[in-house]
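Just dropping this structure here.
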Number of protein chains: 2
Amino acid sequence: MSQFYTQEDLLHVAVDCAVFGYDTSDGQLKVLLFKRKVKPLSNRWSLVGSFVQKNEDLRDAAIRVLHDFTGLEDVFLKQLRCYGKVKRDPGGRVISILYWSLIKLEEQKQHVVNSHGAKWYNIDDVPKLVLDHNDMIREVLLKIRRIAMTAPIGKELLPEFFTIPQLLQLYQAIYQRELDDRNFRKKILSTSLLIKQNHKDKSSSKKGAFYYKFDHNKYSELLDKGYHIDF
Amino acid sequence: MSQFYTQEDLLHVAVDCAVFGYDTSDGQLKVLLFKRKVKPLSNRWSLVGSFVQKNEDLRDAAIRVLHDFTGLEDVFLKQLRCYGKVKRDPGGRVISILYWSLIKLEEQKQHVVNSHGAKWYNIDDVPKLVLDHNDMIREVLLKIRRIAMTAPIGKELLPEFFTIPQLLQLYQAIYQRELDDRNFRKKILSTSLLIKQNHKDKSSSKKGAFYYKFDHNKYSELLDKGYHIDF
DNA sequence: ACAAAAGTGTTGTTCATACACCCATGG
DNA sequence: CCATGGGTGTATGAACAACACTTTTGT
C-alpha cells in the first residue's frame, strides 16, 4: 500500500455517526442506535459506524454509514473529533472519528433503518452503549447546544414547511428547558431567513399557526458575505 | 494485535501538532516548524508530528511529540480534528489527528528545538508546508481567534508576570488588527482573573507598566462553578 | 361562550464600541 | 521640560431577558 512508510504504524480506524432526528409528532429529539454486529460486545446498543476503507475518505465513510442505515444522501454531516484511547475498545486498538448528523425523520427510508435493526431513541432515554459512545452523544449534544443559537439547524431537522411553535419546540428539546416564546420568535424572525407562507397548520390548534420555510438563497448570500459559523 | 478484528482495516495514523508561542520581544505569534524526516517530501517544512504507536493514546502521542521537539511537559494541548483524505499524503494512506498547543517560549529547551532543526516562524510568514499543513495552521488560528475572547489564553503564552500592554499586543498579534486599549483593559480586568503586582516593567517605557499575574485559584473556582469553554 | 394555542410590544440590563485626555518618568 | 508609553471614563447602540395580554376559531 505505501511505498515509503513501514507497516509498523498501522491501526484500526473507524467512523461513528451520531445521527439526530426530530419527531414533530411527539416533540422529541432522537438519536439513531443499532445493535453492534462486530465482536466483542456484539449485540449491544451502539452508535452506527463502520471501519474506514483503505481507499475511502473519512467523510465518505461517514456518508456511506449514513446511507447504509437511513437510505439518505446529501445530509448535514460534520466531524466532531477523534477518540483514540488505547483501551477504548477491548477487541483491539481502534481509533474512531466521530461524525454527527442532523436529518429529517420523514425523509429516511424506514425499511433501510429496520433492516439493520436500528432504532430511534429519545435523547434523554438513551441506554448504556458500548465503549465511549455515551460520551460521544453527550459531546455532540453540547456542540449542538453551542451552535444552535447562531446556526440555522432547524432547516436540517424539520420538514420543508414548519411553524414557529414547532421550531420553538425543537429548540426546547435541544436545550431541555423552556424558552420564552416572544423572545424566541423575535430572534428567529429578525434573521430574515424564514419565509412566511399563507397557509396554516391547524393540527395543533384551532387558530392555526402559519407555516414558514427556510430561505436558502438568503442564507447562501450570508455565507458568501463572509458570515461564518464555527461548527 | 486484535483478537476480533481482521487485518483488512488497518491504516497509518499520525498526530501533527501546531505549536504556538508568543515572543514578547518582537510581539510576534510564532509556530514551530521542522523539516520533515520521512519520505516522501522529506526535508520540506512541516508541522511537528509523528506516527501514533500501537500502545499509545492519541493525546499521549501528541504529548510525546511536544516533549521531543521542545523539551516541555504539561503544556496546554487540545485536539482540533482529524484529517483523512485518501490522497492527502502521496506516500500512502495516512490519517492525521491535529493537535494544537500554546507554550511559553521562554520555557522551551532551546537545544532540544535546535537538535531537530526545528524553527519558529512568524504566523504571517509561514512557508509552503507539506500536505495540508498550511490548512491545519489556518484552522487552528481560526479556532484560537474564536476562543481568545472568552478563554484566558494569555496565561499559556505569556510569562508568569506580564503587563496589560503585553497582553494587548498578544491579542493584536492573534487578531492581526489593532484593538482599543481602553476597552481591552476594561474587559480583561473585569474578569478579575488578573492579580496586580506592585512592581513594574520599565523596559518599554519610562513610566513603567504594572505587572500582573494570572489568578489560577479564581479560575479553578470558575470552572468548578460550571463555567465552560468549548475549545 | 369558552378553551386552547397563536401571536404581539415594552422595558431594563448588559455588553461591545467609539472616542480624548492626564499621568509618571528618564533623559 | 518634554517625549514616550501607561493609564483612566463616558456615552451610544445592539443584543438579550423578563414579563401579560389579545386574537382566532372549533367545539
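A note on names: the letters A, B, ... follow the listed sequences, proteins ahead of strands, and every chain is numbered from 1.
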Could you check whether the side chain of B:K186 and the base of D:dT10 have a donor-acceptor pair of N or O atoms closer than 3.5 Å, going by distance alone?
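Side chain to base: pair found, below 3.5 Å.
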
I need the CD1-P distance between B:I188 and D:dG6, as an integer number of Å.
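Between P of D:dG6 and CD1 of B:I188: 16 Å.
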
Are the side chains of B:E139 and B:R81 in touch, meaning some heavy atoms are under 4.5 Å apart?
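Yes, at least one pair of side-chain atoms sits under 4.5 Å.
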
Answer yes or no: side-chain N or O of A:K207 and base N or O of D:dT23 forming a donor-acceptor pair under 3.5 Å.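 Yes, a donor-acceptor pair under 3.5 Å.
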
My understanding is that only residues two or more places apart in sequence, or in another chain, count here; which of them pass side chain to side chain contact (heavy atoms under 4.5 Å, CB included) with A:D57?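 Side chain to side chain contact (heavy atoms under 4.5 Å, CB included) list for A:D57, sorted by chain: A:D60, B:K85, B:V86.
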
(request) May I ask you to test the B:D23-B:L29 pair for a side-chain heavy-atom distance under 4.5 Å? (result)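 Contact flag for B:D23/B:L29 side chains = no.
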
request  = Whole angstrom is fine here: how far is it from NZ in B:K206 over to C1' in D:dC2?
outcome  =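 About 8 Å, once rounded to whole Å.
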
Counting only pairs under 3.5 Å, give me each side-chain donor-acceptor contact of residues 221-231 of chain B, with atom names and distances, residues two or more places apart or in other chains.
| residue | atom | partner | partner atom | Å |
| --- | --- | --- | --- | --- |
| B:Y227 | OH | B:T150 | O | 3.1 |
| B:D230 | OD2 | A:R146 | NE | 2.3 |

Does B:T163 reach a base, just sugar-phosphate, or nothing at all? Heavy atoms under 4.0 Å.
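The residue B:T163 makes no contact with any strand.
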
Requested in this report: Go through B:F214 and B:Y219 one step at a time and tell me if the ring pair (Phe, Tyr, Trp, His ring centres under 6.0 Å) criterion holds.
Outcome: CA-CA 9 Å; B:F214 187 76; B:Y219 186 53; 5.5 Å; yes

Practice task
Report the distance from atom CG of A:D181 to atom C1' of D:dA17, rounded to the nearest whole Å.
Solution key: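 Rounding to the nearest Å, CG of A:D181 and C1' of D:dA17 are 13 Å apart.
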
Q. Just how far, in rounded Å, is P of D:dG5 from CG of B:L167?
A.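 Whole-Å distance recorded here is 19 Å.
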
Student check: side-chain heavy atoms of B:L158 and B:K155 closer than 4.5 Å: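 Heavy-atom side-chain distance check fails, nothing below 4.5 Å.
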
Where each residue is assigned the nucleotide of DNA chain D containing its nearest heavy atom, which of A:N183 and B:D180 is assigned the position nearer the 5′ end?
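So the residue in question is B:D180.
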
request  = Taking only the side-chain nitrogens and oxygens of A:R182, find out if one of them lies under 4.0 Å from OP1 or OP2 of D:dA20.
outcome  =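 Looking at the OP1 and OP2 atoms of D:dA20, neither is under 4.0 Å from any side-chain N or O of A:R182.
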
Taking atom C1' of D:dA15 as reference, at what distance in whole Å does atom CZ of A:F184 sit?
->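 Distance check: A:F184 CZ to D:dA15 C1' gives 16 Å.
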
Check the distance between D:dG6's C1' and B:Q169's CD and give it to me in whole angstrom.
->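 In whole Å, D:dG6 C1' lies 13 Å from B:Q169 CD.
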
Assess B:R36 against B:F34: is NZ or CZ under 6.0 Å from the centre of the six-membered ring, and within 45 degrees of the ring's axis?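 Not flagged: B:R36 not positioned over aromatic ring of B:F34.
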
Checklist entry - Considering heavy-atom distances to DNA chain C, does B:K202 or A:I164 have its closest nucleotide positioned more toward the 5' end? => result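 Checking each residue's closest nucleotide, the 5'-ward one belongs to A:I164.
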
- Item | A:S205 vs A:K187, nearer the 5' end of DNA chain D by closest nucleotide |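 Its nearest nucleotide being more 5', the pick is A:K187.
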
Worksheet item: Contact boundaries of DNA chain C with chain A (under 4.0 Å, heavy atoms), 5' to 3'?
Response: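 Listed 5' to 3', the contact boundaries are C:dA5 to C:dT10.
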
